[in-house]
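Have a look at the structure below before the remarks.
This is a predicted model, so every value here is computed, not measured. Counting from 1, the numbers follow the sequence of the chain as shown.
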Amino acid sequence: MRLKPLLPFALLTLSFVAHAQLELTEEQNLGKRLYNDNNLSANRNQSCASCHSLKTIAGKAAAFVDPANAKHGTPVSLGSIEFATGTLNAPSAAYAAFSPKFHWDGQEGLYIGGQFWNGRASDLAGQAEKPLLNPVEMAMPSQWAVVSRLKENTAYVKAFYQLYQLDLDAVPHIKDAQFQQSTPKTVEGIYHKMAQAIAEFEKSPVFSKFNSKFDFVTAGKTQFTELEAQGLKLFNGKAGCSACHISQPGVDGQGNKVPALFTDFTYDNIGLPRNLKIPGNPKPNLGLGERSDLRKLDPDKTLWGKHKVMTLRNIAITPPYGHNGVFASLEQITHFYNTRDTLGEVSNNLSPNFGISGWPKPEVDKNVNHDELGNLRLTTAQEKAVVAFMGTLTDDYPEWGNDPLVPPGTPSPFVGAGY
């Protein structure tokens, strides 16, 4: 059985108090502009927001996923280069700022935190640096090429000098570089500050609203329906969901209370089947096992197949599901958790009986978690209740909930309440 950290949020360095601010700082505003800038991709057609959109999903909230995937069920996102795609389902950027830096917890015997499905970026700034240079994402050839794109925007030139005392005009444009000219020394610093600004934007209340129905019920402002209440009881009990998707408040690094984040930031192999709908049919992703820095520490392959436990906040509006996007609906992945080991077997996810009479074998058969899922013994009605409860985790409830007890414009119940 996988161990869990006793205080899952004790290592957080981000205070929820900072999320109570209503206006963005100058650095966050710069980060917002960078986050939305298509010019920072090879063909000037993709930004951070392409895969982690600020637009409303399903008429409810901005869940910071790829809207095309959420609408059409496609498992992976398109890159800047035509026909290039990723190989993993882009996770939501919502609440990502609360993930602690990637680290090994010796007492608990597991890895915790970081960004991406395998935690390869320790923090948000590290994460922001990677997609720009990824050949199947934003596909820029170098940091210098990115800085050259920044130079083209006079607002960036001004902001980088005012905020960081960095002169973009002093860096020659890469198109003017001489053959084999070395990268200017200041490029790396500018690139890091660009990522820092994006990370600061992602730490803003734009991404972490804590204003779902669950939050208002927790604060005593409204009530669950009978089905939602039953779902919460199952979530915390028979279904065992809260073992990894913690439904209780935590504490950050400064001792501030943090509302429930519905993740313990650890890594697990839940036995997902291979998704043959991913273009090019890439080999199964090994999660932590993909990392060369960890592979040499793991000769017994105990990390193979383990992917990050993501938050369930906004889960109802962020299909498809799983690190490879193999599940089309929340109902389907809930049924998988419940019946993975008991339903039967089908050849692959293209089978018409996928999830009906059986599931395919796990894409990575090592380290599959058989202790906490696979045979939950939930009835069909109980599955429905759990799904109904997870629907209460969607942000912006005052705007879409039609709840007279929580009218439009109602702020998060946690702002100014000791959190």
Side-chain angles (χ1 to χ4, degrees), residues 27 30-52 66 76-88 90-91 93 96 102 114-202 279-280 282 285 290-293:
E27 187 174 31
L30 172 61
K32 180 179 180 180
R33 186 162 187 166
L34 292 163
Y35 187 95
N36 287 285
D37 193 345
N38 287 344
N39 289 317
L40 300 182
S41 62
N43 286 325
R44 302 179 187 268
N45 58 350
Q46 188 180 46
S47 67
C48 302
S50 299
C51 299
H52 306 285
D66 187 328
V76 295
S77 301
L78 296 175
S80 181
I81 306 298
E82 189 174 13
F83 303 122
T85 66
T87 59
L88 292 172
F102 185 81
Q115 303 293 332
F116 295 112
W117 285 106
N118 65 4
R120 64 187 183 275
S122 181
D123 55 24
L124 281 175
Q127 186 279 328
E129 292 186 1
K130 296 185 183 300
L132 289 93
L133 305 181
N134 189 310
V136 297
E137 295 184 56
M138 298 172 76
M140 292 295 284
S142 67
Q143 292 183 359
W144 191 1
V146 175
V147 172
S148 294
R149 293 287 179 89
L150 294 175
K151 279 171 53 64
E152 297 171 1
N153 189 314
T154 56
Y156 290 155
V157 174
K158 180 179 179 180
F160 272 78
Y161 190 78
Q162 289 182 337
L163 289 171
Y164 311 122
Q165 292 74 56
L166 290 170
D167 186 1
L168 299 187
D169 284 336
V171 179
H173 199 290
I174 195 170
K175 68 181 181 181
D176 299 324
Q178 301 299 313
F179 182 66
Q180 292 186 335
Q181 180 177 342
S182 60
T183 302
K185 294 181 179 180
T186 55
V187 162
E188 185 175 7
I190 293 170
Y191 192 83
H192 290 335
K193 288 299 183 183
M194 174 202 67
Q196 176 182 310
I198 294 172
E200 289 303 311
F201 174 52
E202 291 177 311
N285 188 282
E290 291 283 336
R291 293 179 51 171
S292 59
D293 60 330

Where do [X] and [Y] come nearest, in terms of heavy atoms and distance?
{"X": "Ser80", "Y": "Ala42", "value": "OG-N, 3.5 Å"}
{"X": "Tyr191", "Y": "Glu129", "value": "OH-O, 2.5 Å"}
{"X": "Ala199", "Y": "Ala125", "value": "CB-N, 3.6 Å"}
{"X": "Gln181", "Y": "Ala177", "value": "OE1-CA, 3.3 Å"}

Quiz item: Any side-chain donor-acceptor pair under 3.5 Å between Glu27 and Gln196?
Solution: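 Judged by distance alone, the side chains do pair up.
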
Self-check item: By ring pair (Phe, Tyr, Trp, His ring centres under 6.0 Å) - contacts of Phe201 (at least two apart)
Solution: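 So Phe201 forms a ring pair (Phe, Tyr, Trp, His ring centres under 6.0 Å) with Tyr35, Phe207.
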
Should [X] and [Y] count as side-chain neighbours, where that means a heavy-atom distance under 4.5 Å?
{"X": "Ile190", "Y": "Val146", "result": "no"}
{"X": "Glu202", "Y": "His52", "result": "no"}
{"X": "Trp144", "Y": "Pro172", "result": "yes"}
{"X": "Ser142", "Y": "Thr183", "result": "no"}
{"X": "Leu132", "Y": "Ser41", "result": "no"}
{"X": "Thr186", "Y": "Leu166", "result": "no"}

With rounding to the nearest 0.5 Å, note down the distance linking [atom1] in [X] to [atom2] in [Y].
{"X": "Leu30", "Y": "Glu200", "atom1": "CG", "atom2": "CD", "result": "11.0 Å"}
{"X": "Gln46", "Y": "Ile81", "atom1": "CD", "atom2": "CD1", "result": "9.5 Å"}
{"X": "His173", "Y": "Leu168", "atom1": "NE2", "atom2": "CG", "result": "11.5 Å"}
{"X": "Asn45", "Y": "Glu82", "atom1": "CG", "atom2": "CD", "result": "10.0 Å"}
{"X": "Asn38", "Y": "Ser47", "atom1": "CG", "atom2": "OG", "result": "4.5 Å"}
{"X": "Ser50", "Y": "Met138", "atom1": "OG", "atom2": "CE", "result": "7.0 Å"}

Exercise. Answer yes or no for Arg291 and Phe102: cation-pi contact, defined as NZ/CZ to six-membered ring centre under 6.0 Å and angle to ring axis within 45°.
Key: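 Relative to the ring axis of Phe102, which defines the angle, Arg291 lies inside both limits.
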
Quiz item: Is NZ or CZ of Arg33 both nearer than 6.0 Å to the six-membered ring centre of Tyr156 and within 45° of the ring axis?
Solution: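 The answer is yes; both the distance and angle limits are met.
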
Quiz item: Considering the options Thr87, Val76, Leu88, which one meets the side-chain contact (heavy atoms from CB on, under 4.5 Å) requirement together with Pro282?
Solution: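 The single option meeting the side-chain contact (heavy atoms from CB on, under 4.5 Å) with Pro282 is Thr87.
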
Quiz prompt | salt bridge (Lys or Arg N to Asp or Glu O under 4.0 Å) contacts touching residues 151-168 (sequence neighbours left out) | solution =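 Non-adjacent pairs meeting salt bridge (Lys or Arg N to Asp or Glu O under 4.0 Å): Arg44-Glu152.
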
Exercise. Can you run down the salt bridge (Lys or Arg N to Asp or Glu O under 4.0 Å) pairs that involve residues 187-199, sequence neighbours left out, and say none if there aren't any?
Key: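 For residues 187-199, and leaving out neighbouring residues, there are no salt bridge (Lys or Arg N to Asp or Glu O under 4.0 Å) pairs at all.
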
Quiz item: Between Glu137 and Lys130, does a side chain to side chain contact (heavy atoms under 4.5 Å, CB included) hold up when you go through it step by step?
Solution: CA-CA 9 Å; Glu137 295 184 56; Lys130 296 185 183 300; over 6 Å; no

Quiz prompt | From CA spacing to verdict: side chain to side chain contact (heavy atoms under 4.5 Å, CB included), Met140, Arg149 | solution = CA-CA 10 Å; Met140 292 295 284; Arg149 293 287 179 89; 3.5 Å; yes

Quiz item: Between Gln115 and Ser122, is there a donor-acceptor pair closer than 3.5 Å when you use the side chain of the first and the backbone of the second?
Solution: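 Not a single qualifying donor-acceptor pair exists.
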
Quiz prompt | Sidechain-backbone polar pair: Asn36 side chain, Lys32 backbone, donor-acceptor under 3.5 Å | solution =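 A pair under 3.5 Å: yes.
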
Exercise. May I have the step-by-step check of side chain to side chain contact (heavy atoms under 4.5 Å, CB included) for Trp117 and Asn285, ending in yes or no?
Key: CA-CA 10 Å; Trp117 285 106; Asn285 188 282; 5.9 Å; no

Practice problem: Could you go through the side chain to side chain contact (heavy atoms under 4.5 Å, CB included) check for Leu40 and Leu150 one step at a time? | Solution: CA-CA 8 Å; Leu40 300 182; Leu150 294 175; 3.8 Å; yes

